[in-house]
Amino acid sequence: MLWFLALTRAEGVKVASYEDEPEGTMDGTRFTRVVLRPRVAFDSDLDDQRVESLHHRAHERCFIANSVSCPVEIEPQP
């Protein structure tokens, strides 16, 4: 979330709200998969491609996603 907000601010995009419903799957002792489902509202209209690009770039920079050994997937919600 923090990288996403930093990138939007750098591009002059105003975020009105940001919520997430993360879900993790474990094999009993460790996470095997994590899914993030962010719901973001903006003060102006953004096309889906730009929002997807912001999510992708934020994910590439995320310290936590880069520190875990399981996949972290992003499923943006409408």
Side-chain angles (χ1 to χ4, degrees):
M1 177 180 117
L2 293 177
W3 269 111
F4 184 85
L5 295 175
L7 290 170
T8 56
R9 181 181 173 145
E11 291 191 15
V13 175
K14 293 185 180 180
V15 175
S17 67
Y18 185 108
E19 297 177 35
D20 200 346
E21 291 186 30
E23 179 181 315
T25 304
M26 296 184 72
D27 68 1
T29 58
R30 61 190 172 121
F31 283 100
T32 58
R33 180 176 179 247
V34 174
V35 179
L36 305 176
R37 296 183 181 93
R39 279 190 311 276
V40 185
F42 301 96
D43 282 353
S44 58
D45 289 334
L46 278 120
D47 62 71
D48 291 342
Q49 185 177 13
R50 187 167 181 199
V51 174
E52 185 177 329
S53 173
L54 286 163
H55 280 295
H56 178 75
R57 292 178 7 227
H59 181 68
E60 287 179 334
R61 292 164 175 81
C62 178
F63 176 77
I64 296 170
N66 287 307
S67 298
V68 297
S69 60
C70 69
V72 178
E73 302 169 20
I74 301 172
E75 295 176 357
Q77 302 299 296

Side chains of residues 61-70: which donor-acceptor pairs under 3.5 Å do they make with residues two or more places apart or in other chains?
{"unit_1": "R61", "atom_1": "NH1", "unit_2": "R57", "atom_2": "O", "d": "2.9"}
{"unit_1": "N66", "atom_1": "ND2", "unit_2": "E60", "atom_2": "O", "d": "3.0"}
{"unit_1": "N66", "atom_1": "ND2", "unit_2": "C62", "atom_2": "O", "d": "2.8"}
{"unit_1": "S67", "atom_1": "OG", "unit_2": "F63", "atom_2": "O", "d": "2.6"}

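In the hydrophobic cluster analysis, where Ile, Leu, Val, Met, Phe, Trp and Tyr join through side-chain heavy atoms closer than 4.5 angstrom, L2 is grouped apart from L7. M26 and V72 fall within a single hydrophobic cluster, where Ile, Leu, Val, Met, Phe, Trp and Tyr side chains are chained together by heavy-atom contacts under 4.5 Å. At a threshold of 4.5 Å between side-chain heavy atoms, the hydrophobic network of Ile, Leu, Val, Met, Phe, Trp and Tyr places M1 and V15 in one connected group.
Residues L5 and T8 share a closest heavy-atom pair of O-OG1, 2.9 Å.
Using cut-offs of 30° and 60° for the angle between ring planes, the F4 and F42 rings count as tilted.
The existence of a salt bridge linking E11 and R50 is confirmed by a sub-4.0 Å separation between a basic side-chain nitrogen and an acidic carboxylate oxygen. A salt bridge between E21 and R39 is present, with a side-chain N of the basic residue lying under 4.0 Å from a carboxylate O of the acidic one.
Side-chain contact between I74 and P38: present, with at least one pair of heavy atoms (C-beta onward) separated by less than 4.5 Å.
Atom CZ of residue R33 and atom CG of residue D27 lie 14.5 Å apart, to the nearest 0.5 angstrom. Between the CG atom in D20 and the CD atom in E75 there is a gap of 10.5 Å [rounded to 0.5 Å].
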Q) Between V51 and V40, does a side chain to side chain contact (heavy atoms under 4.5 Å, CB included) hold up when you go through it step by step? A) CA-CA 9 Å; V51 174; V40 185; 5.8 Å; no
Subject >> CA sep, side-chain torsions, deciding dist, call: D48, E52, side chain to side chain contact (heavy atoms under 4.5 Å, CB included) >> reply: CA-CA 6 Å; D48 291 342; E52 185 177 329; over 6 Å; no
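Scored by the salt bridge (charged side-chain N to carboxylate O under 4.0 Å, His left out) test, D47 finds no partners at all (sequence neighbours excluded). Applying the ring-ring contact (aromatic ring centres under 6.0 Å, His included) criterion to F31, with sequence neighbours excluded, gives no partner residue.
Side-chain atoms of H59 do not come within 3.5 Å of backbone N or O of E73 as any donor-acceptor pair.
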